[in-house]
Amino acid sequence: MEVHKIPTKPRSQPSGKTNKKLDLSKLNPEQKNAVLHVDGPLLILAGAGSGKTNTMTHRIAYLLAEKQIPASRILGLSFTNKAANELKERVRSLTGTVLGPRATKGLIVSTFHSLCVKILREFAGRVGYTPQFSILDPHDQESIVKEILKLINIDAKKFDPTWVLFQIGQAKNKFLSGEEAGAFFDTLKGPKVAYDDYSIALQSVFPRYQERLKLLNAMDFDDLLFNAVTLLENHADVRESLSRRFQFILVDEYQDTNPSQFRLLQALTSTHHNICVVGDDDQSIYAWRGADPTHILNFDHYYPGTKKIILDQNYRSTETILSAANQVISKNSKRYPKSLWSERGAGSPIHTVAVEDDRAESQMVTEEILKRVQENQRPWKDFAILYRSNAQSRIFEEALRLHQIPYKLVGALSFLDRREVKDLLSYWKLVVNPKDDTALRRVINWPARGIGKSSIERIHQDAVLYQLSFYESMQSHAVQGDLNEKAKAGTKAFCELQERLSAQLFGIVRSEYEGRDGDFLIAVSEWAKRSLEAIGTKAALLSEDEDTAKAMKRFDNLEELANAIGMMDLAPASHEGSPQNGAMVLQEYLSQLVLDSKEDKKDEDNENQNALTLMTLHGAKGLEFPIVFLVGLEDGCLPHQRTIDEGTDLSEERRLFYVGITRARDELYLVRAKNRIRYGKAIPRNPCRFLEDIPQDLLLERDESSTPDFRSEEAQKKHEDEIQNFFAEIQKRLNKK
DNA sequence: CGGTCTATAATTTTT
DNA sequence: TTATAGACCG
């Protein structure tokens, strides 16, 4: 039963054409204040669904249109490519009607990471790199750490490489110096070993890892930030020129900034304080990877004279949903007190459903969705199923597939994780950066060319002995050396292939195309397609997969990867650091790919496709859906077990719940299972503790299970204790009288 | 050298 | 229960 009719038209689009004047009439007074504030620090506390993006885009448009700030003096920063693209697109459409299509030319709206790439490509030499540096993906990082662990005789079984990498990343995110990192490592307790060798292990791996990356001319994600900050802090000339260039800086999701990002911003604002940050402390959910919410809580401390604006009118959800959200979040202590309100009316109550186990959970959700689709004519894309951890998606996928409901799984193994994609990209990486041993070792024998383990080992040993890159060592082995005939021939063939590809690619020069950038890009794209042939990918794929159709499909994907080069956005030739030859284009393309792994080629038909969404609570931030199912609302799942075990602060888990609730526009389902099947056994579970904070009168509760609520021994004991205390108390009072 | 098999570990969240 | 990473054999 719907109390409220849902308007499905997009909200707050500027109506029709406006003549020469930016239309601010659709903004509420606070939003307008934020837009009109020009000079000096500005903090916008934007609650969920409060028109944050709209405010930011209007503010940029206002600077461009009314204040005549050149687009190239404005910098917008966000965390995801998706957010950056959306922001840019909306600024473009806003200013388009007023200033024409060229108004945003030179405007940079990007993620922190890609901004750092831009800066570092230009000044790589100042931090000991060449501009061709590669960007490693997590998989590459892991193989390097494994190598190092082996080298220093540490058992990778005891010291999980992923864990080691995570801690190294933490140290970089916090921008710790060598000694500070050491002290930080000392405080850690690892997962598998009781004694504290962890710090020693980390302290021996960390420097070696960094050294290795430098040798490979490669940076990992965290290095991009770390090195950019190092560059700016140590080189006043670079710092000042960039700070002067970016006269106005806007930062989205500011509550998620980590110390590296914070310092980057400080450097960029060293010559002015025109920084506008937008965020919501209640939606800070990345502290676990180094984000520090005190950046937003103490913003005016770092930037005195800050103007603070609170956007608390919500344009998204019903009042019922908002008051549940407000209640839940109000239990957190360290926050700017605020409470969202809306004019949308009460709407439907929140459904809370308890089911028997996770199988029943997926069934119930699926059936409910089918019902809603039939009864209310809802399209699939109105629905989202949100969960705490990725592992929970699987069972829903099965149920959805069974009922033939189209869904899109966000955060699934990305296109880039596919083996053949990584292989192809490794060839391309190697052409751009021949020092990239990691890439080389991936494809040295793919397609099979007779270079086996022992040959690789020999090449490797010579590389170490003569201080060569792996590729250089290969080159010398192709001519002489102690490889068997087959391996030698393979090595020779490989080197020749690389040389040829490289020569061809560097031969594609932009100046020959005289402004026809489209043709220039297509030439590079053609090269990429030819490289597929030269490598022999089609034959390789066909031979390793029985299923010819499947193999062809994989091959088509690779061709698509080559094609996409032709559709890149290319900086104008005059612009510094813009690609001048094929290799530079390819390099740019490769960095875009690694930094943008989420929305890749698979998303091509994404926008208008009608499918329900399956994703984690983290992934859902910034999105909204008419009907939301929050599933797995059990202790151990929503306050995640790891967080409970650490015994510390559960406020971030609570914020996660808050984020989930506030994704819903019209209806919200809170679903929990009484048992969860794990490794084939049913584990009984308690309801998520945050559920208690939602007032009963907002809820419509039902229990579809056949078993009574489970209480863990501990909970049972606590419950009994409470009853006993209660009676003891009464007894005491009676005795007193 | 490459494929198949078996043992073992595993379920936070990600640019 | 399932996925993956080494071991081992052809």
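Here is the naming used below: chain letters follow the sequence lines, and residue numbers restart at 1 for every chain. Keep in mind it's a predicted model, so treat the numbers as computed, not measured.
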Legend entry - Heavy atoms from other residues, nucleotides or ligands near NZ of A:Lys486 exceed 12 (cutoff 6.0 Å):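 Atom NZ in A:Lys486 is not crowded, with 12 or fewer foreign heavy atoms closer than 6.0 Å.
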Legend entry - Contacts of type side-chain contact (heavy atoms from CB on, under 4.5 Å), residue A:Phe79, not counting sequence neighbours: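 Residues passing side-chain contact (heavy atoms from CB on, under 4.5 Å) with A:Phe79: A:Phe112, A:Glu253, A:Asp256, A:Thr257, A:Gln261.
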Just compare [options] and give me whichever is closest to any side-chain atom of [X].
X: A:Arg678; options: B:dT11, B:dT13, B:dT15; value: B:dT11
X: A:Phe221; options: B:dT11, B:dT15, B:dT13; value: B:dT15
X: A:Tyr679; options: B:dT15, B:dT11, B:dT13; value: B:dT11

Separation of [N] [atom2] from [X] [atom1] (nearest whole Å):
X: A:Ile683; N: B:dA10; atom1: CD1; atom2: C1'; answer: 13 Å
X: A:Leu225; N: B:dT14; atom1: CG; atom2: C1'; answer: 13 Å
X: A:Ile677; N: C:dT1; atom1: CD1; atom2: P; answer: 11 Å
X: A:Met615; N: B:dT14; atom1: CE; atom2: P; answer: 11 Å
X: A:Glu397; N: B:dT11; atom1: CD; atom2: P; answer: 17 Å
X: A:Gln592; N: B:dT15; atom1: CD; atom2: C1'; answer: 15 Å
X: A:Asp256; N: B:dT15; atom1: CG; atom2: P; answer: 11 Å

Between the protein and nucleotides 3-10 of chain C, which nitrogen or oxygen pairs come in under 3.5 angstrom?
unit_1, atom_1, unit_2, atom_2, d
C:dA3, OP1, A:Arg394, NH1, 3.4
C:dA3, OP1, A:Arg394, NH2, 2.6

Please determine if a side-chain N or O atom of [X] lies less than 4.0 Å away from the OP1 or OP2 oxygen of [N].
X: A:Thr616; N: B:dT14; answer: yes
X: A:Asn390; N: B:dT13; answer: yes
X: A:Asn173; N: B:dT14; answer: no

Legend entry - A:Phe112-B:dT15 aromatic stacking (under 5.5 Å, under 30°):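 No, the aromatic ring of A:Phe112 does not stack with the base.
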By side chain to side chain donor-acceptor pair (under 3.5 Å), which residues pair with [X], not counting sequence neighbours?
X: A:Thr613; answer: none
X: A:Ser114; answer: A:Thr111
X: A:Thr162; answer: A:Asp160
X: A:Arg442; answer: A:Asp423

Inset, instruction - Please list, chain by chain and in numerical order, all residues satisfying salt bridge (Lys or Arg N to Asp or Glu O under 4.0 Å) with A:Arg441, sequence neighbours excluded. - result: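 A:Arg441 satisfies salt bridge (Lys or Arg N to Asp or Glu O under 4.0 Å) with no residue once adjacent residues are dropped.
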Inset, instruction - Could you pull out all residues at least two apart from A:Asp137 that satisfy salt bridge (Lys or Arg N to Asp or Glu O under 4.0 Å)? - result: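 Scan of A:Asp137 (salt bridge (Lys or Arg N to Asp or Glu O under 4.0 Å), adjacent residues dropped) gives A:Lys422.
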Inset, instruction - Using a cut-off of strictly less than 4.0 Å between a heavy atom of the residue and any atom of DNA chain B, enumerate the qualifying residues of residues 632-645 of chain A by number. - result: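 Heavy-atom contacts with DNA chain B come from A:His640, A:Arg642.
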Legend entry - Heavy-atom donor-acceptor pair, A:Ser260 side chain to A:Asn173 backbone, under 3.5 Å: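 Between the backbone of A:Asn173 and the side chain of A:Ser260 there is a qualifying donor-acceptor contact (under 3.5 Å).
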Legend entry - With A:His113 via ring-ring contact (aromatic ring centres under 6.0 Å, His included) - residues at least two apart: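 Not a single residue meets the ring-ring contact (aromatic ring centres under 6.0 Å, His included) criterion with A:His113.
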Inset, instruction - Please list, chain by chain and in numerical order, all residues satisfying ring-ring contact (aromatic ring centres under 6.0 Å, His included) with A:Phe175, sequence neighbours excluded. - result: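 Testing A:Phe175 for ring-ring contact (aromatic ring centres under 6.0 Å, His included), a comparison that skips the adjacent residues, returns A:Phe226.
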Inset, instruction - Determine the minimum heavy-atom distance between A:Val659 and A:Leu617, stating which atoms define it. - result: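 Scanning both residues completely, I find the closest heavy atoms to be CG1-O, 4.1 Å.
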Look for any protein N or O under 3.5 Å of an N or O in nucleotides 1-3 of chain B and output each such pair with its distance, or none.
unit_1, atom_1, unit_2, atom_2, d
B:dC1, OP1, A:Gly452, N, 2.3
B:dC1, OP2, A:Lys453, N, 2.7
B:dC1, OP2, A:Ser454, N, 3.3
B:dG2, OP1, A:Asn445, ND2, 3.3
B:dG2, OP2, A:Asn445, ND2, 3.1

